Amino acid sequence: MQRRTLRILLLKEIRPTAQKVMETCRRDSGSPELPPALARALRVGHLHIHQNHIHSFQVSNSGWTSFSLDTPDLKRAADHDESPPLTPTGNAPSSESELDISSPNASHDESQSKDQNNRDSDKDLSHRPKRRRCHETYNFNMKCPTPGCNSLGHLTGKHERHFAISGCPLYHNLSADECKVKAVSREKQEEEGKVQEDNSARHATRHQTPTPKQSRYKEQVTEIRKGRNSGLQKEQKEKHMEHRQTYGNTREPLLENITSEYDLELFRKAQARASEDLEKLRIQGQITEGSNMIKTIVFGRYELDTWYHSPYPEEYARLGRLYVCEFCLKYMKSQTILRRHMAKCVWKHPPGDEVYRKGSISVFEVDGKKNKIYCQNLCLLAKLFLDHKTLYYDVEPFLFYVMTEADNTGCHLVGYFSKEKNSFLNYNVSCILTMPQYMRQGFGKMLIDFSYLLSKVEEKVGSPERPLSDLGLISYRSYWKEVLLRYMYNFQGKEISIKEISQETAVNPVDIVSTLQSLQMLKYWKGKHLVLKRQDLIDEWKAKEIKRGNSNKTIDPSSLKWTPPKGT
């Protein structure tokens with residue numbers, strides 16, 4: 001019986017301890033049999049096993065020294081054993097069905113002995129404090145963002161912990177106990193309301209007039225609202241101002257005495273219900289914890305999966321989904337807020353001057369100094385899809401060129417690039433992005449081509465700011481290759497100069513050399529660098545151009561209406 005018990009316990013969480021006990025037993029007593037008291041402790045251990053029970057047995061030279069589970073010493077050890085479980089779900093088994101130490105061949109006497117031992121263990125450990133099971137979705141590394149909050153309690157009064165402002169009692173100027181009391185009161189009111197609804201539904205009709213009780217209730221509410229003070233007293237105003245100066249935006253403003261008690265209670269109920277809905281979404285995984293990363297954004301008629309973290313404000317960054325207006329780029333928390341915003345939003349295109357239009361494609365020049373909020377929102381949106389971007393809020397030294405595609409509802413954001421107003425290194429692009437729904441359609445090359453077109457008008461040689469993202473590097477290499485092959489195809493002379501190519505295409509000579517090397521068109525021979533005209537590559541490029549046909553995904557210089565800015 002003892003060996004079978006030990007074998008089963010070896011498969012459980014005390015496997016190292018059981019092995020140590022067995023080895024000590026064989027070494028010091030010369031027998032593989034366990035002492036009766038230790039075997040009894042292991043048999044009852046399937047209910048409340050813990051390392052301290054095993055350590056209570058010591059080995060001496062004369063043999064095993066043990067004490068019974070009924071002794072006061074072990075009772076005190078069990079009573080004071082309040083160590084939490086190692087993991088939220090790592091509690092010991094709680095029933096015999098989870099761990100059965102008997103076998104089909106066990107005798108009737110052994111079964112009776114096991115039942116007696118189980119009853120003894122239940123009796124002896126009845127005063128042992130119950131271990132609290134933690135919710136599997138709790139992340140104890142997270143903390144509530146409210147200063148001074150320990151993340152305990154919840155606004156709904158139904159949860160032990162919270163990780164967001166929406167569930168923080170301290171933010172709402174309440175304590176965890178007050179939230180629990182309010183939760184009990186709300187539950188009672190809901191039960192009474194359900195009983196009244198069931199009774200009235202029996203005789204209800206579609207257009208039933210209010211009952212006398214409902215009419216009296218409406219009159220009472222009207223009287224309550226009339227009876228409230230028209231404004232705050234001087235002492236109350238001072239209290240509200242002191243609270244605002246002390247806590248600022250880290251606490252909810254004091255709401256007492258600014259409306260009737262009835263309306264305030266309705267508002268508190270709505271807050272608790274909204275917090276409960278957010279908690280359910282968090283448990284389901286639709287709201288993230290710890291990562292502070294927005295998983296998806298709703299942008300126009302698209303729902304886009306994000307790639308990287310963007311430093312949106314804390315209350316928005318904790319949401320799994322963000323709603324963004326595709327015209328003014330304002331970000332919101334819910335579909336309802338977005339729908340209301342779209343009904344009032346008067347923007348149908350980016351702010352600034354339209355400097356290019358051909359067909360449905362337009363480019364707007366937006367000054368970061370004149371339209372600061374729009375440019376900041378654009379940078380936050382772009383960071384969701386760019387890894388190396390570091391510019392978010394300091395947008396005043398930059399110009400943003402936003403490409404859009406127009407239809408009967410407005411000008412929809414396709415992509416953009418930004419450039420410094422005064423760049424000492426002649427960078428013509430600081431950051432460039434094509435929205436994911438418009439990728440692999442030629443819009444990225446159009447943005448790059450447009451940036452070099454501006455450099456040609458400025459009579460400068462341009463280059464993108466480093467480091468480039470992976471997708472940006474691929475796009476630029478493809479563009480430089482196409483520019484060089486087109487130049488080679490149209491070139492009729494015998495000698496070619498990299499400087500001439502740079503002046504005609506506005507591409508930096510360093511980028512030209514790196515592209516020629518990647519195409520194996522640059523060779524060193526007899527102390528000179530020679531540019532080889534590889535006809536096979538040129539013919540391949542020309543065949544693709546013919547196959548592509550007259551695509552509208554090209555920039556027409558004649559459609560540009562722009563003059564270089566004269567400084568800031």
Side-chain angles (χ1 to χ4, degrees), residues 356 358-361 363 403 405 414-415 417 426 428-429 432-434 436 438-464 466-560:
Y356 178 89
K358 184 179 180 181
S360 61
I361 303 299
V363 178
M403 180 175 289
E405 186 177 33
V414 172
F417 70 87
N426 287 333
N428 61 357
V429 168
I432 187 169
L433 169 73
T434 304
Y438 291 101
M439 287 183 177
R440 303 185 63 83
Q441 299 179 33
F443 291 106
K445 278 186 181 177
M446 290 183 68
L447 286 169
I448 296 174
D449 196 14
F450 189 82
S451 67
Y452 281 105
L453 176 60
L454 298 183
S455 297
K456 292 176 184 178
V457 175
E458 292 176 313
E459 297 180 353
K460 294 181 180 180
V461 173
S463 180
R466 269 63 171 185
L468 290 170
S469 63
D470 296 336
L471 292 177
L473 183 59
I474 293 173
S475 300
Y476 266 97
R477 282 180 176 174
S478 176
Y479 174 79
W480 291 331
K481 174 183 175 181
E482 185 176 332
V483 167
L484 288 176
L485 292 177
R486 181 182 291 109
Y487 184 87
M488 294 288 186
Y489 177 79
N490 297 324
F491 184 74
Q492 301 298 329
K494 293 183 179 180
E495 294 184 0
I496 193 171
S497 170
I498 292 178
K499 184 178 180 180
E500 293 177 357
I501 299 175
S502 176
Q503 290 176 350
E504 187 168 339
T505 61
V507 179
N508 191 288
V510 176
D511 300 329
I512 294 175
V513 171
S514 64
T515 305
L516 290 174
Q517 288 176 340
S518 64
L519 296 175
Q520 298 181 357
M521 297 176 66
L522 190 65
K523 298 295 182 181
Y524 183 79
W525 185 68
K526 292 185 179 182
K528 294 182 179 180
H529 290 281
L530 303 179
V531 177
L532 303 180
K533 188 177 181 180
R534 293 186 55 181
Q535 194 63 38
D536 56 339
L537 293 178
I538 296 174
D539 293 341
E540 182 182 353
W541 165 80
K542 188 59 180 178
K544 290 182 179 179
E545 284 285 309
I546 296 173
K547 185 178 180 180
R548 191 181 299 138
N550 294 327
S551 174
N552 59 351
K553 301 295 193 304
T554 56
I555 294 295
D556 184 7
S558 63
S559 300
L560 178 66

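Not measured: the values here are computed from a predicted model.
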Looking only at heavy atoms, what is the nearest atom pair of [X] and [Y], with distance?
X: Lys456; Y: Ala506; result: CG-CB, 3.7 Å
X: Glu545; Y: Glu482; result: OE2-OE2, 3.7 Å
X: Ser451; Y: Tyr476; result: OG-OH, 4.3 Å
X: Lys553; Y: Gln441; result: CE-O, 3.3 Å
X: Asn426; Y: Val461; result: CB-O, 3.5 Å
X: Val414; Y: Tyr438; result: CA-CD1, 3.8 Å

Just one of Ile555, Val363, Leu454 clears the side-chain contact (heavy atoms from CB on, under 4.5 Å) bar with Leu560, so which one?
Leu454
Among Ser514, Ser463, Pro464, find the residue that satisfies the side-chain contact (heavy atoms from CB on, under 4.5 Å) test when tested with Asn508.
Ser463
Straight-line distance of [X] [atom1] to [Y] [atom2], nearest 0.5 Å:
X: Leu519; Y: Leu532; atom1: CG; atom2: CG; answer: 11.0 Å
X: Leu484; Y: Met521; atom1: CG; atom2: CE; answer: 7.5 Å
X: Ser475; Y: Phe443; atom1: OG; atom2: CZ; answer: 13.5 Å
X: Glu458; Y: Leu453; atom1: CD; atom2: CG; answer: 10.0 Å
X: Leu530; Y: Lys523; atom1: CG; atom2: NZ; answer: 10.5 Å

In this structure, are over 12 heavy atoms from other groups packed under 6.0 Å from [X] atom [atom1]?
X: Arg486; atom1: CZ; answer: yes
X: Gln535; atom1: CD; answer: yes
X: Lys533; atom1: NZ; answer: yes
X: Arg466; atom1: CZ; answer: yes

Compare all side-chain heavy atoms of [X] with those of [Y] and state whether any distance is below 4.5 angstrom.
X: Ile546; Y: Lys542; value: yes
X: Tyr452; Y: Ile448; value: yes
X: Tyr487; Y: Ile496; value: yes
X: Glu540; Y: Leu485; value: no
X: Thr554; Y: Met446; value: no
X: Phe491; Y: Ile501; value: no
X: Tyr356; Y: Asp556; value: yes

Side chain to side chain contact (heavy atoms under 4.5 Å, CB included) for Lys460 and Asn428? Distances and angles first, verdict last.
CA-CA 9 Å; Lys460 294 181 180 180; Asn428 61 357; over 6 Å; no
Donor-acceptor pair between Tyr479 and Asp449 side chains, under 3.5 angstrom:
yes
Donor-acceptor under 3.5 Å (Ser502 side chain, Ile498 main chain):
no
Report the C-alpha distance between Arg477 and Leu473 in whole Å, list the side-chain angles of each, state the deciding distance to 0.1 Å, and finish with yes or no for side chain to side chain contact (heavy atoms under 4.5 Å, CB included).
CA-CA 6 Å; Arg477 282 180 176 174; Leu473 183 59; 3.8 Å; yes
